[in-house]
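Okay, structure first, notes after.
Note that the coordinates shown come from a computational prediction; the quantities given were computed from them, not determined experimentally. One-based numbering, in listed order, for ligands and for the atoms of each.
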Amino acid sequence: MGVSNQTVKTAYDSAMENFNLAADALQLDENIRNMIRSPERILEVSLPVRMDNGHIQSFAGYRVQHSTARGPAKGGIRYHPGVTLDEVKALATWMTWKCAVVNIPFGGGKGGVTCNPKAMSQVELERLTRRYASAILPLIGPEKDIPAPDVYTNSQIMAWIMDTYSMTKGYPVSGVVTGKPIALGGSLGRNEATGRGVYYTVCSAAEHLHIPIAGARVVVQGFGNAGSIAAHLMHDNKARVIAANDSRGCVHNSKGLDVTKLIAHKEKTGGVVGFPDSEPISPAELFALECDILIPAALENAIDGSNAGKVKAKIVGEAANGPVTPEGDAILEKNGIFLIPDILCNAGGVTVSYFEWVQDEQHLFWEAQDVYNRLERVMKTSFAEVLKIRLDHKVSMRTAANMLGISRVAEATTLRGLYP
Ligand code: NAD
């Protein structure tokens with residue numbers, strides 16, 4: 001996170017500020033704003049879990065449904081020590097606009113548990129997950145709210161949620177979560193979908209700006225699922241990934257890192273640090289590197305008013321949710337840096353989650369190439385729609401994406417009317 005003396009703005013503050021900017025640009029009616037702005041439902045739970053040492057520890061958990069105007073709520077579950085209700089509300093809000101930007105029939109939701117999964121055994125994680133799944137059970141279901149993986153959750157955790165839900169129903173319900181293992185009704189291509197979607201939107205932006213991907217210098221902050229897969233696709237297409245980091249440290253090589261080997265190194269050692277043929281740099285240096293494409297792929301508020309001025313990239317592709325604050329946005333825009341906002345850039349994950357849900361509902365599964373082709377079409381169409389709004393209305397890419405998402409949610413809300 002950039003260090004700044006200004007009052008710290010929360011992720012939900014940023015989400016609301018961006019909502020207001022887009023709603024103003026749309027000249028959205030005040031009544032509609034009041035209907036779509038705030039989360040529809042918030043559940044806060046306390047999760048007692050027996051730890052391996054015999055002690056019982058209670059964890060705070062949340063599930064927020066921001067909107068079901070266009071379909072069931074959809075959004076991941078985050079396990080992280082920094083999870084707060086404010087963060088989950090922001091993430092749920094962004095999911096609503098994101099699903100609408102890529103025009104899939106879902107609303108927005110998000111869940112989280114405040115915990116440190118890195119310090120827990122697999123058995124403790126399973127107990128926590130099953131307790132959390134049973135606590136949020138009244139809210140979730142294939143027609144109501146469909147969780148998926150997010151930071152520090154994965155396909156195994158989705159499998160435990162699917163099993164817990166199915167055991168209480170008395171029959172298998174694969175469509176209750178997405179991002180499942182293939183053996184349980186997961187979709188081919190889901191694991192790499194977010195990174196692949198980032199790659200497609202970065203290619204669209206590069207084409208718009210006449211920057212060839214071959215030879216482009218790429219920097220990735222957060223070498224996890226989204227970041228490493230986007231980096232791998234860039235590398236495969238002859239871009240030069242010159243720096244990457246994770247929570248433990250950063251590695252840099254101006255000639256380019258071998259991304260396949262870096263992924264293997266991270267799998268083996270748990271982090272990117274110590275990768276041969278690289279030198280360590282600080283996170284501040286990583287953001288300030290001379291490069292063409294910067295991909296923040298870790299957590300919120302990484303680029304703010306204090307460090308946005310140092311960014312030298314031509315394109316910033318937000319693989320993470322909310323990595324640039326509104327102050328950071330204004331500086332990047334002023335400096336002519338092309339931003340691909342999160343609700344567009346990382347929407348590949350939820351798009352293939354939608355494909356997974358469709359396959360589960362139909363009990364009919366697609367080949368990987370079908371998934372990639374459909375995903376590419378969705379991402380490139382959505383990019384073109386957002387870019388058109390930016391050019392027509394002379395607004396930032398973030399405001400343009402929010403205008404597209406919010407206008408679709410507003411239309412659905414108007415058509416449905418106000419109950420009762
Ligand atoms: P992940 O757990 O696979 O990876 C997160 C990575 O970020 C890890 O390598 C971690 O070490 C690193 N990290 C954590 N704190 C960091 C810091 N301060 N500096 C640098 N690196 C740090 O998670 P993910 O699924 O790749 O999610 C990353 C981001 O992408 C999140 O914002 C998430 O909401 C967003 N996202 C993920 C998906 C998805 O399908 N996985 C979809 C849409 C958006």
- [ ] Could you tell me which non-hydrogen atom of P181 sits nearest to which non-hydrogen atom of S155, and how far apart they are?
- [x] CD-O, 3.3 Å

Task: Residue pair Q221 / N245, side-chain donor-acceptor N/O under 3.5 Å - done: no

- [ ] Give the single entry among G249, S353, G222 that approaches atom 7 (O) of ligand 1 most closely by any heavy atom.
- [x] G222

Open item on the list: For atom 35 (C) of ligand 1, tell me which residue out of A226, P323, G348, A319 has the closest non-hydrogen atom.
Closed with: A319

Open item on the list: So, using side chain to side chain donor-acceptor pair (under 3.5 Å) as the criterion, who are the partners of T96 when residues are at least two apart?
Closed with: H66

Task: Contact partition for A297 relative to ligand 1, non-hydrogen atoms under 4.0 Å - done: backbone

Open item on the list: Are H208 and F383 an aromatic pair, judged by ring center distance below 6.0 Å?
Closed with: no

Open item on the list: List ligand 1 atoms under 4.0 Å from N225, heavy atoms only on the residue side.
Closed with: 1 (P), 3 (O), 4 (O), 25 (O), 26 (O), 41 (N)

TODO: Check whether any heavy atom of R78 sits under 4.0 Å from an atom of ligand 1.
DONE: yes

Open item on the list: Enumerate the side chain to side chain donor-acceptor pair (under 3.5 Å) contacts for residues 267-276, please, sequence neighbours excluded, ordered by first and then second residue.
Closed with: none

Open item on the list: With a 6.0 Å cut-off (strictly less than), is the heavy-atom count around CE of M51, excluding the residue itself, greater than 12?
Closed with: yes

Open item on the list: Do D13 and T10 pair up side chain to side chain, a donor and an acceptor below 3.5 Å, judged on atom types alone?
Closed with: yes

Open item on the list: Counting only heavy atoms closer than 4.0 Å, does ligand 1 sit against the backbone of Q221, its side chain, both, or neither?
Closed with: side chain

Open item on the list: Looking at ligand 1, is there an atom of it that comes within less than 4.0 Å of some heavy atom belonging to E87?
Closed with: no

TODO: State whether a side-chain donor-acceptor pair under 3.5 Å links Y152 with K118.
DONE: yes

Open item on the list: Applying a heavy-atom cut-off of 4.0 Å, say which part of T194 lies close to ligand 1: side chain, backbone, both or neither.
Closed with: side chain

Open item on the list: What I want to know is whether D150 and ligand 1 share at least one N or O pair that is separated by under 3.5 angstrom.
Closed with: yes

Task: Proximity to ligand 1 by part of R190, non-hydrogen separation under 4.0 Å - done: side chain

Open item on the list: Please work out, at 4.0 Å between heavy atoms, whether the side chain, the backbone, both, or neither of K266 comes within that distance of ligand 1.
Closed with: side chain

Open item on the list: Quick check: V151 and ligand 1, any N/O pair under 3.5 Å apart?
Closed with: no

TODO: Below 4.0 angstrom from a heavy atom of A320, which ligand 1 atoms are there? Numbered from 1 as shown, please.
DONE: 29 (C), 30 (O), 32 (O), 35 (C)

TODO: May I ask you to check whether R240 and N253 show a side-chain donor-acceptor distance below 3.5 Å?
DONE: no

Open item on the list: Minimum distance, heavy atoms only, to atom 15 (N) of ligand 1: which one of G75, S247, A148, A302 is it?
Closed with: S247

